[in-house]
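The following block contains the structure, expressed as structure tokens.
Predicted model only: the values in this text are computed from it and were never measured. Proteins get letters first, then strands, A, B, ... in listed order; numbering begins at 1 in each.
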Amino acid sequence: MSPDPQAIRQRLRLSLLDWYDKAARDLPWRVAPADRQRGHAPDPYHVWLSEIMLQQTTVVTVKPYFETFLRKFPRLEDLASAPLDQVLGLWAGLGYYARARNLHAGAKALASRSTFPRDVAGLLEIPGIGPYTAAAVAAIAFDQPVVPVDGNVERVLSRLWKIDQALPAAKPVFRTQAAKLADPHRPGDFAQALMDLGAGVCTPRKPNCLICPLQDLCQAYQADEAESYPKKQSKKAKPRRFGWAYVIVTPDGLVVRRRPDRGLLGGMLEIPGSAWHDDPTQATFAPPHWLGLEHRWVYGENIRHVFTHFDLQVCVAATRILHRIELPDHQVLALSETGAAALPRVMRKIIDSGLEALKAHQGG
DNA sequence: TATCCGTGGAC
DNA sequence: TGTCCAAGGAT
């Protein structure tokens, strides 16, 4: 007699929700399962904001940013009416800066509506919300019976059903399997339970199968192959690129400029510098011509930084100039204001390197 | 479908 | 040092 798939899925839901009731993580954007069952609903704004921040980003990293955003923008309308540059400044360091621009556009779109969209179709119309986030918000904020499919859910499913097709090509398979699992009674908790399981038990490396509530259902565990799932397609090697950056300190502060609002570090501030070349011999010391030639440069520690699809190595030169300057396409940022500025991490590294070099050479 | 898009932590 | 990859979306 073959096992009934419906019955297996029902056992899975009960086991996972029972585990979640005891083991749910306490997260600032989450309503605890006990409170949820007493009728406490999460704030859709909080759920949406957290989900945007959590795209490809760990909980530990997101927490302080989430707290800061809620403090600065307690309501959706506060975020919608904020200047974009403030949003970029508060987002600085979190990465994937298109998310910050989409968050701001999304806030405007949401605030212009009479109600927060409650279903996947409505949510998909909001900038920055794709299939995963639409399902996550629909399930968590509104208890719609859908299952968001993220890396955690893919990993859990691949092991449960021992799915051999490789990601990302097999994503449709996972979405089909996930949809079958939707819990009709507690969709929001079920979605969060899957993610907690993936984050804390069914981890990429050394999964803790011995405490897993789904152990008796897991086909990969039974084959002693949990760690070899999910199957993934091999990735291309990352190239390394090279460039120069020029940290220029004037009496009023640092010379910076705004990057184009699309593409790498879109809309963020940067330190003037060369293009980033694949060929290191093309990255030569060539400070901005508008500075003139008589400047004395000091050299900071080279910076290395890892982007998604290339590694970057930047040589840092720094100089202090005694006169004020006005330049088209540049602005001067007071040193006291770099903290709140829209400076991505790589630029902060460059600034630190340059300022350190200037300090080391002072009076020397 | 494939590529582009940050950052930090674990191993 | 290298490698993986984390609650993905836009194009």
Does A/Val306 reach a base, just sugar-phosphate, or nothing at all? Heavy atoms under 4.0 Å.
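Base, at least one base atom sits under 4.0 Å.
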Atom-pair distance (NE2 on A/His46; C1' on C/dA7), nearest Å
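Spelled out: NE2 on A/His46 to C1' on C/dA7 is 18 Å.
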Start at the 5' end of DNA chain C and walk down; is the nucleotide closest to A/Ala136 or to A/Pro127 reached first?
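Here A/Ala136 is the residue nearer the 5' end.
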If you compare every side-chain N and O of A/Gln55 against the phosphate oxygens of C/dG8 (OP1, OP2), does one of them come in below 4.0 Å?
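Result: no.
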Segment of DNA chain B, first to last nucleotide, that comes within the 4.0 Å heavy-atom reach of chain A
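Reading along DNA chain B, I get B/dT3 to B/dA10.
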Sugar-phosphate only, base, or nothing, as touched by A/Arg155 at under 4.0 Å among non-hydrogen atoms
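Touches sugar-phosphate only.
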Euclidean distance, atom NE2 of residue A/His309 to atom C1' of C/dT3 [Å, nearest integer]
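In whole Å, C/dT3 C1' lies 18 Å from A/His309 NE2.
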Let me spell it out: for each of A/Leu27 and A/Ile129, pick the nucleotide of DNA chain C with the closest heavy atom. Which residue's pick is nearer the 5' end?
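On the 5' side of the pair lies A/Leu27.
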Contact class for A/Val59 vs. all strands (heavy atom < 4.0 Å): base, sugar-phosphate, or nothing?
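Base contact - A/Val59 has a heavy atom under 4.0 Å of at least one base atom.
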Short side-chain N/O contact from A/Arg101 to OP1 or OP2 of C/dA10, under 4.0 Å:
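Checking C/dA10 against A/Arg101, no side-chain N or O comes under 4.0 Å of OP1 or OP2.
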Find the distance A/Arg205:CZ to C/dA6:C1' and express it as a whole number of Å.
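My rounded result for the distance is 11 Å.
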With distance as the sole criterion, do the side chain of A/Arg99 and the base of C/dA7 form a donor-acceptor contact below 3.5 Å?
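Absent.
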Looking only at side-chain N and O atoms, does A/Thr133 come under 4.0 Å of OP1 or OP2 in C/dG9?
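Affirmative; the distance criterion is met.
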How far, in whole Å, is C/dA7 from B/dC5 if one measures between their P atoms?
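These two P atoms come out 23 Å apart once rounded.
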Between A/Asp143 and A/Arg36, is the closest basic N to carboxylate O distance under 4.0 Å?
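Judged by the 4.0 Å cut-off on N to carboxylate O distance, A/Arg36 and A/Asp143 do form a salt bridge.
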Return the 5'-most residue of the pair A/Leu264, A/Lys206 with respect to DNA chain B, ranking by each residue's nearest nucleotide.
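The answer here is A/Leu264.
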Report the C-alpha separation of A/Glu125 and A/Arg113 in whole Å, then their side-chain angles, then the decisive distance to 0.1 Å, and conclude whether the salt bridge (Lys or Arg N to Asp or Glu O under 4.0 Å) test is met.
CA-CA 12 Å; A/Glu125 295 174 9; A/Arg113 299 179 178 232; 3.0 Å; yes
To the nearest Å, how far apart are A/Met195 CE and C/dG8 P?
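So the two atoms are 8 Å apart, to the nearest Å.
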Output the single nucleotide from C/dA7, C/dC5, C/dA10 whose closest atom is nearest the side chain of A/Asn102.
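Looking only at side-chain atoms, A/Asn102 lies closest to C/dA10.
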Hey, does the side chain of A/Arg30 come within less than 4.0 Å of C/dA7's phosphate (OP1/OP2), counting only N and O?
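No, no such contact exists.
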Taking A/His104 for the side chain and A/Asn102 for the main chain, is one N or O donor matched with an acceptor at less than 3.5 Å?
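The answer is no, because no donor-acceptor pair under 3.5 Å joins these two groups.
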Is the charged tip of A/Arg159 near the ring of A/Tyr229: under 6.0 Å from the six-membered ring centre and within 45° of its axis?
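Output no; distance or angle outside limits.
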How many whole angstroms separate atom CZ of A/Phe66 from atom P of C/dA6?
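Answer to the nearest Å: 22 Å.
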Whole angstrom is fine here: how far is it from CG in A/Asp150 over to C1' in C/dA6?
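Rounded to the whole Å, the gap is 9 Å.
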Given atom CG of A/Leu54 and atom P of C/dA7, what is their separation to the nearest angstrom?
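Between P of C/dA7 and CG of A/Leu54: 9 Å.
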In terms of relative ring orientation, are A/His305 and A/Phe307 parallel, tilted or perpendicular, with 30° and 60° separating the classes?
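It falls in the perpendicular class, over 60°.
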Treating A/Ser353 as the side-chain partner and A/Lys349 as the backbone partner, does any N or O pair qualify as donor plus acceptor under 3.5 Å?
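Answer holds: no.
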Please tell me which of A/Ala169 and A/Gly93 maps to the more 5' nucleotide of DNA chain B, matching each residue to the nucleotide holding its nearest heavy atom.
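Looking at DNA chain B, the more 5' nearest nucleotide goes with A/Ala169.
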Co-membership, hydrophobic cluster, residues A/Trp297 and A/Ile351, 4.5 Å side-chain
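No; tracing contacts between hydrophobic side chains, which count when under 4.5 Å, never links both residues.
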In whole angstroms, how far is the C1' atom of C/dA7 from the CG atom of A/Leu94?
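To the nearest whole Å, that distance equals 13 Å.
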Side chain to side chain contact (heavy atoms under 4.5 Å, CB included) partner of A/Tyr221, chosen from A/Cys212, A/Cys209, A/Cys202:
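Among A/Cys212, A/Cys209, A/Cys202, the one that satisfies the side chain to side chain contact (heavy atoms under 4.5 Å, CB included) with A/Tyr221 is A/Cys209.
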